[in-house]
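A short worksheet on the structure shown next.
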Amino acid sequence: MDINLPSERKSLIKFLGLYIFLTLIILALASVMYYKFEKDVMLYAHLPKLQEDAKEVIHRLKAMHESLLEDNFYPRYSTFKSAIYDADYVKIFSLLDTDSINFKNFLYKQGRFIYFIKEPELYYLGAKYVVIQIPDDERWLVQVKKNLLIFGGLFLLFMAILGYFLVKQFLRPMKDSLILLNNFIKDTTHELNTPVSTILANIETIDTQSLDTKVAKKLSRIDIAARTISTIYKDLTYLLMHEKLPSHIENIDMNELLAQRIQYFKTLADSKRIKISFLQSPCFLRADKQKIARLVDNLLSNAIKYNKVGGTIKIKTFQNGFYIEDSGIGIPPDKQKEIFERYKRLTSSEGGFGIGLHIVMMIAKEFGLAIKIDSRLNQYTRITVTWQK
Amino acid sequence: MAKIVLQLFLALSLFGADVFVQKCVHCHTSRHLPLKPIFFDYLLYYSSERGVKAAMLRNLTHPDPKHLLIKKNPFKHHFKEATLKKALDIYWDKYKVIGKIR
């Protein structure tokens, strides 16, 4: 149960990402509501004083009006500033720091000031709106920001922890199924290895020259089948265990390795009367030999599998690379990028799981190898593997 | 040329001023109805230039006791509307409070 599947990790990250995103949206909405609430509380706390201020200004305006503006000195106060506007929002007189007044709200905050708009019962000096402005020290805002930071942070942390445990619970059945499947494949492949190796080892010890042709042919088929199972076993083992397989880097003589693998697939190639030609030039690669053997095996296996009966396979090594070219069905240009994807198969007429080229790509990535495909439909496919010096 | 334009402008300005003085001031003075308190009364109820002028025009041309600020002795002014408007403009400019508060 301690296995952390990559898919599980991915799902966990995706779910947590979405969860945190939604939590942040909720948090943002709650923060806005809290900010507005606190702002309203602050504004209404100032309201009685503002009303008193407005009353004083109106009282003075009344006196000015009754004197028919013979007394034209507008009242000034140290604690607040004021202005008067007519019914068409035209400024009559103003001591305010701004001319931009929001007449839709009777009490609001703008910048670092609080504004209150009072409509007198009678429009002394034509003033329908008396605007009072007081400064806002914004101490409440500092407190709001502090609370949002502390409580918002705590809420986010709590939700993240909760989300982590929730997603673990949701993913448990899927994880259990995947572990069961993984274990099943591992056990099956492990159990397959011993009998397949035994079959192959015993076939090699039989002297086919001394056998009857029919028996020798049947034995050859058994050999091919056993080698195919062995290749599948190795591929599956690589797929399941590649993260836990350490790489033993060594200087590989690619001519020697390719020759070995050609020999290994000889029986399979002979069964389709495929001729393999191998042109050698000095070619060395620093990598893990077992993994490069898997890469070569998969390329060779495909070259045989998708070749026509009586076809050819050309293998050539050169400095910093090699290619394997078959005379098979070819790969359409639109499919050339897809074939490296896991479980992607060019045709369903041939056997296999569609994991071969995926393994090739994984190994190539690990050792920084470049893979190039040249292909023409029903003529040939050449896969070139190159590397830096 | 500039002299002629200036003279015309002054003539027109004086003519405009005459409309208000001749048609309004003389009559109101003789009836002991000073214009300034009336103006401030309108300001008290109609606030803006647009509101005051519209209310004055309505009450002067079609006096209705329901709308009049001075209910007794409603008096219909028999002026052309254009003349009345011109007189009201001068009246507004003369007594408006904008620019007179300090």
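In what follows, chains are A, B, ... by sequence order, proteins preceding strands, each numbered from 1. Not measured: the values here are computed from a predicted model.
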For residues B:K100 and A:N72, report the shortest heavy-atom separation together with the two atoms involved.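 Residues B:K100 and A:N72, closest heavy atoms: O-ND2, 2.9 Å.
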Where is the tightest heavy-atom contact between B:I101 and A:M64, given as atom of each residue plus distance?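 Nearest pair, atom of B:I101 first, then A:M64: CG2-CE, 3.9 Å.
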Only pairs of heavy atoms separated by less than 4.5 Å count here; which of A:A87, A:G126, A:A127, A:P120 has the most with chain B? A:G126
Most heavy-atom pairs under 4.5 angstrom with chain B, which of A:D71, A:I92, A:D88?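 Maximum pair count with chain B is reached by A:D88.
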Answer yes or no: are there more than 12 heavy-atom neighbours, outside [X] itself, under 6.0 Å from its atom [atom1]?
{"X": "A:Y77", "atom1": "OH", "answer": "yes"}
{"X": "A:K49", "atom1": "NZ", "answer": "yes"}
{"X": "B:R50", "atom1": "CZ", "answer": "no"}
{"X": "A:F158", "atom1": "CZ", "answer": "no"}
{"X": "A:K109", "atom1": "NZ", "answer": "yes"}
{"X": "B:K85", "atom1": "NZ", "answer": "no"}
{"X": "B:H62", "atom1": "NE2", "answer": "no"}
{"X": "A:R76", "atom1": "CZ", "answer": "yes"}

Rounded distance [0.5 Å steps], [atom1] in [X] versus [atom2] in [Y]:
{"X": "A:F73", "Y": "B:R102", "atom1": "CZ", "atom2": "CZ", "result": "6.5 Å"}
{"X": "B:L44", "Y": "A:E121", "atom1": "CG", "atom2": "CD", "result": "11.0 Å"}
{"X": "B:S47", "Y": "A:L125", "atom1": "OG", "atom2": "CG", "result": "10.5 Å"}

Treating B:K36 as the side-chain partner and A:L68 as the backbone partner, does any N or O pair qualify as donor plus acceptor under 3.5 Å?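 Such a contact is found between B:K36 side chain and A:L68 backbone.
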Is B:Y46 close to chain A through its backbone or its side chain, or both, or neither, when contacts mean heavy atoms under 4.5 Å? backbone
Heavy atoms, side chains only, cut-off 4.5 Å: are B:F40 and A:L69 in contact?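 The answer is yes, as the side chains (C-beta and beyond) meet within the 4.5 Å cut-off.
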At a heavy-atom separation under 4.5 Å, does A:F93 approach chain B through its side chain, its backbone, both, or neither? side chain
